[in-house]
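Everything on this sheet refers to the single structure shown next.
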Amino acid sequence: MQMDNQFPPRKVPSFCSFRYGLSLLLHFCNVVIMAQRMCLSLTMVAMVNSTDALGSPNTSTEEHLDHIKNPVYNWSPKIQGIIFSSVFYGVLITQIPVGYLSEKYSIKKMIGSALFLSSLLSLLMPMAAEGGEAFLLACRVVQGAAQGSVFIAQHVMWAKWAPPLERGRLTSLSLSGILLGSFIVLLVTGFICQSLGWPMAFYIFGACGCALSLLWFLLFYDDPKDHPCISISEKEYILSSLNQQVSSRTQSLPIKAMIKSLPVWAIAFGSFAFHWTNNIMVLYTPTFISSKLHVNIKENGLLSALPYLFAWSFGILAGHLSDFFLSRNILRLVTIRNLFNTLGLLLPAFFSVCLLYLSFSFSSTTIFLILASSTGTFCMAGVLINGLDIAPSYYGFLKGVTAVIGMIGGLISSTLCGVILHQDPESAWFKIFFLMAVINVICLLFCLVFGKAEIQDWAKDIQEHTRL
């Protein structure tokens with residue numbers, strides 16, 4: 001019963017340590033990755049010629065002074081939608097293979113190479129657009145595959161770099177870069193397009209990514225014991241704290257045991273609900289603002305960006321609170337995971353219902369919208385890292401599988417929302433938010449009943465079983 005508190009009572013090195021430096025480096029890598037992914041959503045406004053619907057593909061406007069700075073293309077809304085979604089297909093196909101391979105090959109090379117490839121493709125994106133939508137689609141799919149590799153492989157590195165008492169802080173700090181990147185790109189991309197031309201957005205984010213990939217290759221090592229710059233005390237602290245959890249896995253994947261494992265299904269259900277909610281709030285917040293608040297596009301952009309800033313702060317807060325509760329023995333690890341799963345799944349559902357019934361003014365609508373969109377990041381200290389608790393030796397593969405299940409939930413929710421808004425505009429938001437609340441509550445109950453936070457028998461090293 002005391003498995004949650006079995007970690008050695010060693011003095012933790014200061015915050016200014018190498019592992020926190022790596023987490024901060026990953027934070028900025030995630031900022032750039034999300035900027036590269038999302039900037040097309042804003043540059044598309046400047047890239048598309050809305051005045052010449054019958055022109056041939058890739059025909060520029062007659063404004064010759066602006067032709068080089070802001071090329072304009074004749075892409076239909078259908079083509080634009082395909083271009084937007086293409087990156088997600090690249091992300092989707094890499095999750096499970098990269099999760100499996102990241103346990104066998106160098107994380108340093110996988111993340112560094114994938115980040116560089118995504119950044120290189122960002123630099124080539126304006127040239128691909130000039131070549132036609134087919135070239136742009138190919139670039140986006142490959143870029144999505146590279147970005148998906150970065151997102152999955154970075155989870156696996158914490159199996160060797162994050163002491164159990166610091167997993168919440170380190171993972172939430174690195175992953176919160178995804179949220180900050182979304183906030184930054186919404187704020188600055190419009191200014192870049194207006195002042196320097198839309199191609200410069202791709203060049204700037206691509207160049208930043210290339211620089212960060214170089215830093216990654218210089219600073220990161222797969223194992224703390226091999227790093228030449230880390231202090232001896234920090235190295236000993238990390239290795240001793242992980243000694244009883246991380247082993248070099250030689251046996252094959254226990255697929256049958258994973259399928260039968262209810263804690264694995266609890267993570268899958270939680271991931272499904274998280275992505276279902278997250279996709280709705282990310283993709284349809286501007287639409288909701290436009291339909292309910294009736295603001296101009298500039299104010300809409302600012303209001304759409306605010307939830308990302310709050311989500312970034314909530315994610316980091318969740319990581320620090322979870323580690324605080326664990327290190328002070330205030331709560332058991334499984335209770336901590338359940339607490340943040342409850343906050344991350346129940347609060348968005350609650351505030352979405354408040355949007356329907358308690359939004360009597362502009363300010364109240366804005367507050368509930370921000371809270372509904374941002375509180376889901378409490379799951380960063382819950383279901384999103386729970387796989388590291390139950391199966392650290394198989395975390396990459398497990399993360400890939402549960403991420404795919406979650407992304408399927410996100411694809412279903414975003415598609416279903418579009419159908420509901422098209423068929424029944426009058427009561428669409430009631431149906432969307434009510435369905436979201438029901439799914440979150442059902443998945444949360446499954447997580448609370450079947451979720452675990454100790455290493456499962458099938459995830460333990462085979463030598464450990466022979467000793468027992």
Side-chain angles (χ1 to χ4, degrees), residues 2-30 107 111 153-179 219-227 229-247 312-341 344 377-393 395-396 399 453-455:
Q2 299 300 317
M3 285 191 69
D4 294 331
N5 301 320
Q6 66 182 0
F7 312 118
R10 300 170 61 90
K11 181 176 174 60
V12 180
S14 64
F15 185 81
C16 297
S17 57
F18 205 86
R19 62 191 181 281
Y20 281 97
L22 289 179
S23 183
L24 195 60
L25 176 60
L26 257 183
H27 178 90
F28 289 115
C29 290
N30 286 328
I107 298 292
I111 293 181
Q154 67 178 281
H155 286 277
V156 182
M157 65 167 275
W158 295 122
K160 290 186 176 180
W161 275 95
L165 293 177
E166 298 178 7
R167 282 175 181 166
R169 277 171 285 180
L170 291 169
T171 55
S172 65
L173 177 59
S174 58
L175 290 175
S176 62
I178 297 172
L179 304 163
L219 296 177
F220 181 73
Y221 280 68
D222 290 316
D223 201 306
K225 68 176 184 289
D226 300 325
H227 207 293
C229 300
I230 190 173
S231 67
I232 296 175
S233 60
E234 183 179 5
K235 183 186 299 185
E236 291 178 348
Y237 169 67
I238 295 173
L239 295 177
S240 63
S241 63
L242 293 174
N243 186 46
Q244 57 195 340
Q245 294 205 346
V246 177
S247 58
W312 173 73
S313 59
F314 286 152
I316 294 177
L317 176 65
H320 279 76
L321 284 177
S322 66
D323 287 347
F324 174 79
F325 292 147
L326 188 61
S327 62
R328 301 294 179 91
N329 292 322
I330 298 174
L331 297 172
R332 295 169 62 237
L333 184 56
V334 66
T335 308
I336 293 170
R337 297 292 178 249
N338 286 337
L339 170 64
F340 286 100
N341 285 338
T377 52
F378 282 116
C379 284
M380 282 187 179
V383 69
L384 296 185
I385 62 167
N386 194 197
L388 192 54
D389 303 320
I390 68 169
S393 296
Y395 184 44
K399 184 65 183 179
E454 63 270 4
I455 300 177

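Counting from 1, the numbers follow the sequence of the chain as shown.
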Item to check | Verdict with reasoning, Thr335 to Phe325, per side-chain contact (heavy atoms from CB on, under 4.5 Å) | outcome: CA-CA 10 Å; Thr335 308; Phe325 292 147; over 6 Å; no

Next on the checklist: If you apply the rule side-chain contact (heavy atoms from CB on, under 4.5 Å), what do you find for Leu239 with Asp223, and how did you get there?
Outcome noted: CA-CA 9 Å; Leu239 295 177; Asp223 201 306; 4.1 Å; yes

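A 4.5 Å side-chain heavy-atom check between Tyr20 and Glu166 finds at least one atom pair inside the cut-off. Counting heavy atoms from C-beta on, the side chains of Lys160 and Ile238 never come closer than 4.5 Å. For the pair Arg167 and Trp158, the minimum side-chain heavy-atom distance is 4.5 Å or more.
When each of Thr171, Leu388, Leu175, Leu384 is paired with His155, the side-chain contact (heavy atoms from CB on, under 4.5 Å) condition holds for Leu175 and for no other. Partner Phe220 forms a side-chain contact (heavy atoms from CB on, under 4.5 Å) with one of Leu22, Leu26, Leu25 and no other, that one being Leu22.
Using a distance-only test at 3.5 Å, with no hydrogens or angles considered, a donor-acceptor pair links the side chain of Glu234 to the main chain of Arg19. Here the side chain of Asn30 pairs a donor or acceptor atom with the backbone of Ser174 at under 3.5 angstrom. Not one N or O on the side chain of Asn386 forms a donor-acceptor pair closer than 3.5 Å with the backbone of Gly382.
A distance of 9.5 Å separates CG in Leu333 from CG in Leu165, rounded to the nearest 0.5 Å. Atom CG of Leu321 and atom CD1 of Ile336 lie 10.0 Å apart (nearest 0.5 Å). Between the OG1 atom of Thr377 and the CH2 atom of Trp312 there is a distance of 11.5 Å, given to the nearest 0.5 Å. Rounding to the nearest 0.5 Å places OG of Ser23 at 9.0 Å from CD of Gln154.
Minimum interatomic distance between Trp161 and Tyr221 (heavy atoms only, all atoms of both residues): NE1-O, 3.0 Å. Between Pro163 and Leu170, the shortest heavy-atom contact is CD-CD1, 4.1 Å. Closest of all the heavy-atom pairs between Gly168 and Ser322 is CA-OG, 3.7 Å. Nearest heavy atoms, Ile111 versus Ala153: CG1-CB, 3.7 Å. Arg337 and Asp389 make their closest contact through NE-OD2, 2.6 Å (heavy atoms, listed as atom of the first residue, atom of the second, distance). A pairwise comparison of heavy atoms in Ile330 and Phe324 identifies CD1-CE2, 3.5 Å as the closest pair.
Checking His320 against Ser172 by side-chain atom types alone, no donor-acceptor pair falls below 3.5 Å.
Relative orientation of the Phe314 and Phe378 rings is parallel, given thresholds of 30° and 60° on the angle between their planes.
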